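Working notes for the structure below.
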Number of protein chains: 2
Amino acid sequence: MPTATVENYLKAIHQLAGDGERPVAIGKVASELEVTPGTATTMMKHLGGRGLVDYVPRRGVRLTAAGDEAALRVLRRHRLVELFLVEVLGLDWGDVHAEAEVLEHVISDKLLARIDEMLGHPTADPHGAPIPDAQGRMPEHAGASLADAGPGRYQLLQVSEDDGSLLAWLSDHGLRPGTRFDLLDHDRPAGILRLRIDGADGVTSLGTSAAGHLLVQAI
Amino acid sequence: MPTATVENYLKAIHQLAGDGERPVAIGKVASELEVTPGTATTMMKHLGGRGLVDYVPRRGVRLTAAGDEAALRVLRRHRLVELFLVEVLGLDWGDVHAEAEVLEHVISDKLLARIDEMLGHPTADPHGAPIPDAQGRMPEHAGASLADAGPGRYQLLQVSEDDGSLLAWLSDHGLRPGTRFDLLDHDRPAGILRLRIDGADGVTSLGTSAAGHLLVQAI
DNA sequence: GTCAATATTTTGATAAATCAAAATCAGGGA
DNA sequence: TCCCTGATTTTGATTTATCAAAATATTGAC
Ligand SMILES: [Mn+2]
Ligand SMILES: [Mn+2]
Ligand SMILES: [Mn+2]
Ligand SMILES: [Mn+2]
C-alpha cells in the first residue's frame, strides 16, 4: 500500500504527463508538489524501485501501468470526495479541493463505495473533471480551451483549476460546469473575451488567463 | 498543530486517566497504542516539552489543561464522524470506529461544523458515548455497568467497546443505545445474565464479560 | 565546437516515529 | 534490610520524507 506521499507523487506525474508522449521532467514534479528538486529526484528513485515509474536520470519519469493504475485510483477518490462534499454536505466549491487532497488517501474502500453509490455513480466532479470508474477507465469528454475559441454559443464543460479565487469569481458570475453562454467577441491582442451568460444579466468580460482554465464545447 | 500521532497519544491518555486521580502509567499508554514502552517514554518527553502533559519519570503522565483540551477536541471529532458515518452514509456500526480513527485527524473545522450541523448538534455517538461540545464540555450521562446490576427494568445507554464482534452480536439481538429490556436474573457465580429485550423475542443470555461493556440506567 | 546557463543529481543533515535490547529503578516479599 | 522482579528508561538503529548547498550533466547560443 503506497503512502499518501507516494500517491501524491503519482497523481502529480499523471497530471503532468498529459498525452503521455514525452517523459515528465523532474523539475515539473518538484514544483507541482512544492518540494526541492533533490527531494523529487530521491522520490523518483524510490518509485522506480517500487515499479511505479520508469525513471531515466536526467530525462524524466513516466508512469508504469501499475503507477498509472494507482494514480487513477487516487484521482477517482479525489473527485468523488469533492463531489460528495459539495452535493451532500453543501461545502463551498472552492473549499473542497484542499479537503479532498487529504481525504483521498485515508477513506476506506467501503466508505468510497458508499459515497459513489449515494451520488449515483457520477462521471464528473464539481469542476466538471471526469471521474475514472472503479476499473480505472476515464470517461472521455472532449472540450476545447475557451482561450482558443471564436465567437459563438458554448457550454462550459470543465474548470481546470483546483483552488483559489477563480472558482469564487465564476460562481459569482453564474459560470459553472453545464452553464451555456454566447461568446460575443474575443479580442486576441488585448487578451479579453466578452460573454453573455445564460441566467446572468449584462455582459461579462474575462481575460485569456482565466479563459485558459475553462474547457468548453460549441453547441 | 499536533500531528495525528500526538493526538492519538493525548486521546489514549485521556481515556486511561478515568477520574484523573492518579497519573497514567507509561506501560498502559504503550499497550493502548500498541507501541513498545520505550516508544511511549520518548513520546511522553515530547509531550511534556510541548506542555501537553505533566510527565514524572517512573510515576506516569497526566494531561495538562492544554492537553486535555486537545484530547477532547479529538474525541469530539471522532464521535461526530462515527455518528455521521452511521446516520448519513449508513455504514455499519462496527466499521465506523476504524474509519473515524483516521478521519478525526484530517477533516477541517469547516467540514466538522457542517457534519455537526447536519446531525443537529448531537450529544451521543452511535455507541452512546457522549460527544463533547465545541467548547470541550462533556455532557454528563450517568450509567452503571450492567455487570453490577440486579433484576429490574433498564435502558441501554452506552456500549463502551469500540470494535469487533460484540457490536455485531448486540445488533443481531436488538440491543443498541436506547433499547429497553428486563434483566430477569443475574447468576453471579456462573457469570450469566438473562434478559428479555423489548422488540426481540425470547430470552437472551450473555456473560459478565460482555455485560461489563454495557452501561445501563434503571427505568 | 565551446561554454555558460539551466536542470538535475549528490551529499550531508534533520525531524518524526518507531523498534530491539541493554541498563536501571522501585517496591514487595523474605 | 536486601534482593528480585516487573516496569520503565536508555541507547543505538531504522524508515520515510524533507532541505540546503555543492557537484555534475545537458543543451542551446554563439
Ligand atoms: Mn481537486
Ligand atoms: Mn493528496
Ligand atoms: Mn470509536
Ligand atoms: Mn486516531
Side-chain angles (χ1 to χ4, degrees), chain A residues 1-13 15-18 21-63 66-67 70-71 74 101-102 104-106, chain B residues 1-13 15-18 21-63 66-67 70-71 74 101-102 104-106:
Chain A
M1 330 46 273
T3 63
T5 303
V6 164
E7 289 186 336
N8 285 332
Y9 275 92
L10 294 175
K11 193 156 59 91
I13 296 167
Q15 307 284 222
L16 294 168
E21 267 306 305
R22 280 119 22 70
V24 176
I26 267 56
K28 300 290 181 184
V29 176
S31 66
E32 173 75 15
L33 292 167
E34 302 184 88
V35 297
T36 62
T39 300
T41 295
T42 303
M43 182 57 77
M44 290 314 103
K45 291 194 269 195
H46 274 190
L47 297 182
R50 304 261 279 100
L52 296 167
V53 301
D54 287 324
Y55 165 55
V56 182
R58 297 203 127 100
R59 310 241 38 195
V61 270
R62 115 194 309 160
L63 293 174
V74 182
E101 200 50 66
V102 21
E104 64 189 0
H105 311 291
V106 301
Chain B
M1 342 29 285
T3 63
T5 305
V6 163
E7 289 187 338
N8 284 333
Y9 274 93
L10 294 175
K11 193 155 60 94
I13 296 167
Q15 306 285 220
L16 294 168
E21 268 305 307
R22 280 116 27 68
V24 176
I26 266 57
K28 300 289 181 185
V29 176
S31 65
E32 173 75 15
L33 291 168
E34 302 184 87
V35 295
T36 61
T39 299
T41 296
T42 302
M43 182 58 77
M44 291 313 104
K45 290 194 270 194
H46 221 190
L47 297 181
R50 307 260 281 98
L52 295 167
V53 301
D54 287 325
Y55 166 54
V56 183
R58 290 193 137 106
R59 309 240 41 198
V61 269
R62 118 194 307 161
L63 294 174
V74 182
E101 198 53 65
V102 23
E104 65 189 359
H105 310 292
V106 301

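Everything numeric in this text was worked out from a predicted model, so none of it was measured. By convention in this document, chain letters (A, B, ...) are assigned in the order of the sequence lines, proteins followed by strands, and residues within each chain are numbered from 1.
Residues satisfying the side chain to side chain contact (heavy atoms under 4.5 Å, CB included) criterion with Thr3(B), sequence neighbours excluded, are Thr5(B), Val6(B). Applying the side chain to side chain contact (heavy atoms under 4.5 Å, CB included) test to Ala4(A) and every residue at least two apart in sequence or in another chain returns His105(A). For Val102(B), the side chain to side chain contact (heavy atoms under 4.5 Å, CB included) partners are Val106(A), not counting sequence neighbours. In this view, Ala71(B) and Leu10(B), His14(B), Leu63(B) satisfy the side chain to side chain contact (heavy atoms under 4.5 Å, CB included) rule, not counting sequence neighbours. By the side-chain hydrogen bond (donor to acceptor under 3.5 Å, both in side chains) test, Thr36(A) is found to be paired with Thr39(A), residues two or more places apart in sequence or in another chain being considered. Among residues two or more places apart in sequence or in another chain, the salt bridge (Lys or Arg N to Asp or Glu O under 4.0 Å) test is passed with Glu101(A) by Lys11(A).
The span of DNA chain D lying next to chain B, judged by atoms under 4.0 Å from heavy atoms, is bounded 5' to 3' by dA7(D) to dT10(D).
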Listing, residues 21-28 of chain B side-chain donor-acceptor contacts under 3.5 Å, not counting sequence neighbours, or none:
none

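Across the interface with DNA chain D, nearest-nucleotide mapping of Ala25(B) and Arg59(A) shows Ala25(B) to be the residue nearer the 5′ end. Mapped onto DNA chain D by nearest heavy atom, Val6(A) and Pro57(A) fall at different nucleotides, with Val6(A) at the one closer to the 5' end.
Spacing between atom CZ of Arg58(B) and atom P of dG27(C) amounts to 10 Å, rounded to whole angstrom units. Taking atom CE of residue Met43(B) and atom P of nucleotide dA17(C), one finds them 5 Å apart after rounding to whole Å.
In this structure, Tyr9(A) OH and Leu33(A) CG are separated by 5.5 Å, a value rounded to the nearest 0.5 Å. Once rounded to the nearest 0.5 Å, the distance linking CD1 of Ile13(B) with CG of Leu52(B) reads 9.0 Å.
Heavy atoms of Thr41(B) sit under 4.0 angstrom from at least one base atom. No contact: Lys28(B) has no heavy atom under 4.0 Å from any strand.
A pairwise comparison of heavy atoms in Ala30(A) and Pro37(A) identifies CB-CA, 3.9 Å as the closest pair.
Judged as a side chain to side chain donor-acceptor pair (under 3.5 Å), not a single pair has a partner in residues 45-63 of chain A (not counting sequence neighbours).
With axes fitted over five pairs at each extremity, the angle between the ends of the helix from dG1(C)-dC30(D) to dA30(C)-dT1(D) is 20° (10° resolution).
Contacts of residues 33-40 of chain B with DNA chain D (heavy atom under 4.0 Å): Pro37(B), Gly38(B).
For dT18(C), the OP1/OP2 oxygens have a side-chain nitrogen or oxygen of Tyr9(B) closer than 4.0 Å.
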